[in-house]
Amino acid sequence: MNIALFGKLIQLLIKEKMAYRGDFLLSAFAQIVSYGGEYIVIWLFMKRFPLLAGWTWPEIALLYSFGLLTYAIGASFSFVQMRELEGQVRQGTFDNLLIKPINPYFYLISRGFNLAYVAHITISGAVLIWAIGQLNVQWTLLNWAYVLLAVVSGAMIQAGLLTAIGAATFLWVRAGFLFTIFFRLKEFISYPLPLFGTFIQLLLTIGVPLAFVNFYPAAFLLAHDSAPLPGWAMWLAPLVGPLVYGLGYLLWTSGANKYQGAGG
Amino acid sequence: MSEYMIEIQGLRKTFKKLNKKAGFFSAFGALFSRTSELVHSVDGIDLRVRKGEIRGLIGPNGAGKSTTIKIMSGILHPTEGTVSIMGYTPWLHREKYIRNLGVLFGQKSQLWWDLPPIDTFELNREMYRIPTDRFKRRLDRFVELLQIERVIYQPVRTLSLGERMKCELVCALLHEPSLIFLDEPTIGLDIVSKETIRQFIKQTNKELQTTFIITTHDLADLENLCDNVTIINKGSIVFDDAMGKLSTFFRNRKIIEVKFAEPVGEALLDGYDVIEFGGLNARIEVNVEDKDIKHHVYDILGRLPVVDINITNIPIEEVIKHIYTS
Amino acid sequence: MDSFELHRYVYKLPVNAFREQLRFCMDLLSVGEFAHKPVRQLSLGQRMRVEIAMALLHEPRILFLDEPTIGLDVMAKDQIRQFLRAVNRKKPTASPGRNLPGRSLPRASLPGALPDERRYGVTTYMMFAVKSFTNQLAYRSEVWLRLLGNLLAILIQVEIWRAVIGSSGQEGASLDQMITYSILNPLLLALLSTNVSEAVDSSLKSGSIATELIRPLSYPLYLLAGSLGLSLYKLAFTVAPAFALAGLLFGVLPPASPMNLLAFVAALLIAMLMSFLLGYLVSLLAFWLMSHFALSWMLGGLITIFSGSFLPLWFYSSGWAAVAEALPFQYLGYVPAAVYLGTMTDEAMWRTLAIGLIWAAALLLLVRWLWSRAVRRLIIQGG
């Protein structure tokens with residue numbers, strides 16, 4: 001897998017989507033309506049209750065947008081690809097990947113790269129920029145760099161977790177329930193973590209590190225309480241991304257090797 | 001360099017199959033203890049294929065055929081045995097080995113559904129790093145042989161099955177592999193398309209000396225294409241010889257089909273092994289071991305009002321059924 | 001075997017004749033050993049055999065076979081050919097060739113006419129509901145997962161309300177009421193989610209709707225029955241247990257009064273019907289607009305905003321509340337919960353429910369009209 005091949009794949013993916021241009025645009029619009037709905041409900045809530053665990057509406061909007069943006073980026077490289085893995089393993093079409101002269105993981109995620117998430121990125125990006133404008137934070141170069149790192153890291157965490165779930169497919173085949181657990185847990189991070197008590201805080205920090213996706217970076221940036229992490233951990237937080245992604249990748253490749261031993 | 005493209009010795013593949021129990025409560029029991037059994041999918045296979053051969057590989061479903069192909073493709077590791085293909089051990093040197101291998105799964109498409117086949121071809125060109133001029137030459141040649149000049153520019157979803165299959169073949173051969181596995185290449189096709197594809201395979205085999213391994217349930221494919229046939233049943237090889245030997249497997253037996261001018265009583269065919277009988281026709285099987293064919297034919301022509309007669313070997317289908325069940 | 005039994009109901013076959021034909025088909029095709037296994041566990045050859053058996057169970061006069069032996073090895077091909085010859089000899093059944101589409105026609109129907117749906121009574125559809133219920137039992141291992149998911153969703157809402165309301169309560173509701181609201185709504189969402197939309201969309205797109213239409217029953221009612229069976233299953237195995245558990249963990253209020261409980265049940269039924277109809281509507285619109293994914297996401301968005309599933313309507317700012325009250329989505333979350341809690345006056349409550357019935361009726365008419373247009377277009381265009 002090299003850049004030229006990846007580029008060619010993306011080119012074909014776009015061409016494929018353009019074959020159904022109307023459908024693509026309509027679907028993008030629908031996603032914006034759908035997430036717009038989520039934002040509207042939270043906005044209506046915060047109109048009535050201006051503070052949630054000490055966070056204001058622009059801050060909550062920032063938190064939520066961070067979550068959605070990183071999810072969209074991470075998932076475009078992982079979610080649908082990993083979810084379809086179960087069907088491919090069951091029907092044997094996964095073998096098609098193994099007879100190509102390319103690393104199967106990279107081919108899988110590139111071939112299945114999901115352009116549809118562009119709508120997610122559009123709306124969450126727009127709200128994020130709006131929220132940033134509303135907040136009284138010193139927007140130094142350092143802070144911008146931090147935001148960038150946090151976004152990349154957040155995307156990697158989610159891509160890594162989704163890849164790890166895909167790896168579980170090689171082991172159990174019917175591992176789809178893990179996706180459900182992932183999405184349920186992900187709902188917690190739309191809101192400030194301290195709302196939920198120690199158990200959940202620890203679960204989402206040490207167990208399934210979703211809190212690093214948006215809560216900790218936002219808490220550090222906005223000078224909110226970042227318990228249980230100490231304040232000086234601010235620049236360590238973005239390291240969680242590559243770590244989780246690396247682990248996910250390793251799990252996946254070892255799963256694929258097992259598939260080749262067990263015959264699927 | 002060995003004259004053999006494929007050399008397999010003592011191939012074995014055993015799977016562990018977990019026994020699922022039915023019922024509500026045994027689902028819980030399964031959490032604590034599960035019995036498993038060993039399934040010997042491939043149970044000692046030796047196989048040798050020469051360069052440039054067109055080899056048929058057949059067997060009933062579940063016989064270990066697909067497992068063997070998967071091992072040869074590098075998708076699966078065997079439990080035991082050695083496999084040497086073009087000097088590589090497939091599952092160990094997968095990425096390098098695959099560059100020189102072509103695969104076509106008749107029922108699993110490699111073409112992008114909403115785009116014209118030419119796009120998938122271009123992608124393959126990039127993936128296999130085929131030099132542009134070579135790519136163009138090969139593509140033009142294949143297009144000419146298969147008559148798909150316009151087809152390759154239409155979205156795959158608009159193509160008929162026959163056109164699609166031709167494009168799949170091109171896809172598998174564009175990078176000029178020395179060896180190609182074809183799994184059910186003519187499934188679901190009409191007679192004309194089948195013939196075109198068979199011609200194409202034979203032509204490519206002649207021009208490029210590509211070795212073909214074909215798995216199929218279509219016996220006409222076998223008869224028309226393959227030099228040699230290997231039959232796998234219950235994990236082992238039960239026949240491995242030239243196609244001609246298969247046709248004359250039952251050398252001692254012949255089928256005689258006769259049509260009569262007027263209805264004939266079945267009793268007149270007493271003494272013969274009658275396979276089918278209608279008043280005006282009959283199909284009988286004769287043994288030519290003790291009495292040769294002339295004797296049988298004279299007898300029938302002499303006694304019965306025959307207007308048409310047809311003498312054939314036992315059909316391949318019967319031979320294969322016999323081999324599968326023995 | 002289950003499909004065979006259903007087939008007997010659908011074609012209203014007399015029991016004895018059916019059993020005899022079943023035994024004949026099963027013996028000749030030797031499907032006895034695996035007729036009780038789930039279809040997904042059968043090999044291709046086995047599956048083909050049971051498909052053919054089923055097509056012949058109602059003793060049709062004509063049988064259309066489209067590539068019945070494709071992909072089968074010589075043994076399986078042979079067996080099927082022998083079977084077809086045996087059937088043909090027993091009762092002359094014309095089999096026009098190997099490459100025509102379709103399935104067998106019921107005895108009394110003419111080509112082009114749809115079977116008479118009105119012959120089928122409530123009991124048949126009830127059977128479908130029961131069938132749908134028992135089908136779900138195959139997935140009982142996922143019950144714990146659903147339960148956990150429901151509890152987590154409830155937890156999130158409860159903690160949010162605890163944080164903003166505190167023990168003093170706010171105009172609109174007390175903390176206890178909001179906790180109960182937070183327990184009811186996620187469970188409602190779980191109960192109301194159907195797969196009707198996907199089912200109709202995929203069968204319209206793939207054309208397999210044609211096979212459904214050939215059967216002598218009403219497809220929408222069949223789906224509704226199935227959907228009710230599914231809801232019943234969810235109610236019994238995930239929603240009720242989750243309600244009990246959540247009640248223990250967070251404390252739940254009982255219904256405001258016995259009358260409110262009654263009204264709650266009514267509101268629940270209205271919600272289930274509406275949810276079914278909305279899903280059906282989306283798939284019908286998608287049939288013309290060709291974009292099921294987009295339409296169902298948009299419906300989701302509207303439901304998020306206007307069902308009051310997270311934020312009760314009495315907390316909405318006035319403009320938004322007015323819009324929400326004019327739309328049917330409130331019946332999918334806010335209304336049942338508000339009825340349960342008794343936050344509306346009795347008069348307002350019954351009025352709201354009456355309007356809900358009107359909405360349901362309107363949706364029903366719309367769906368019926370669109371459905372008949374869709375079916376007609378399919379038949380004319382040939383799928």
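So you know, we letter chains A, B, ... as the sequences are listed, proteins then strands, and number each from 1.
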Contact part of Y35(A) toward chain C, heavy-atom cut-off under 4.5 Å: side chain, backbone, both or neither?
-> side chain
Does any heavy atom of chain C fall under 4.5 Å from the side chain of L51(A), the backbone, both, or neither of them?
-> backbone
If you tally heavy-atom pairs under 4.5 Å against chain C, which of L52(A), V41(A), I181(A) wins?
-> V41(A)
Interface residue of largest heavy-atom contact number with chain A, from V158(C), I156(C), L152(C), under 4.5 Å = I156(C)
Taking the side chain as C-beta and beyond, is there a heavy-atom pair between I42(A) and L311(C) under 4.5 Å?
-> no
Measure the CD1-CG distance between I200(A) and L155(C) for me, rounded to the nearest 0.5 Å.
-> 5.5 Å
Point-to-point distance, once rounded to the nearest 0.5 Å, from OG of S27(A) to CE of M298(C) = 9.0 Å
Parallel, tilted or perpendicular: which fits the ring planes of F45(A) and F310(C), with parallel below 30° and perpendicular above 60°?
-> tilted
Test log, rule side chain to side chain contact (heavy atoms under 4.5 Å, CB included), inputs R146(C) and F177(A) | CA-CA 9 Å; R146(C) 303 264 171 96; F177(A) 69 94; over 6 Å; no
Quick one: are the ring centres of W297(C) and F29(A) less than 6.0 Å apart?
-> no
Can you find a heavy atom in the side chain of R174(A) that is under 4.5 Å from one in the side chain of E142(C)?
-> yes
Among I32(A), D23(A), L185(A), who wins on heavy-atom pairs under 4.5 Å with chain C?
-> D23(A)
Just wondering, do T304(C) and S34(A) contact through their side chains at under 4.5 Å, heavy atoms?
-> no
R48(A) vs W314(C) side-chain heavy atoms within contact, under 4.5 Å = no
If we only count heavy atoms from C-beta on, is the I40(A) to W320(C) side-chain gap below 4.5 Å?
-> yes
Would you mind reporting whether N150(C) and R184(A) have side-chain heavy atoms less than 4.5 Å apart?
-> yes
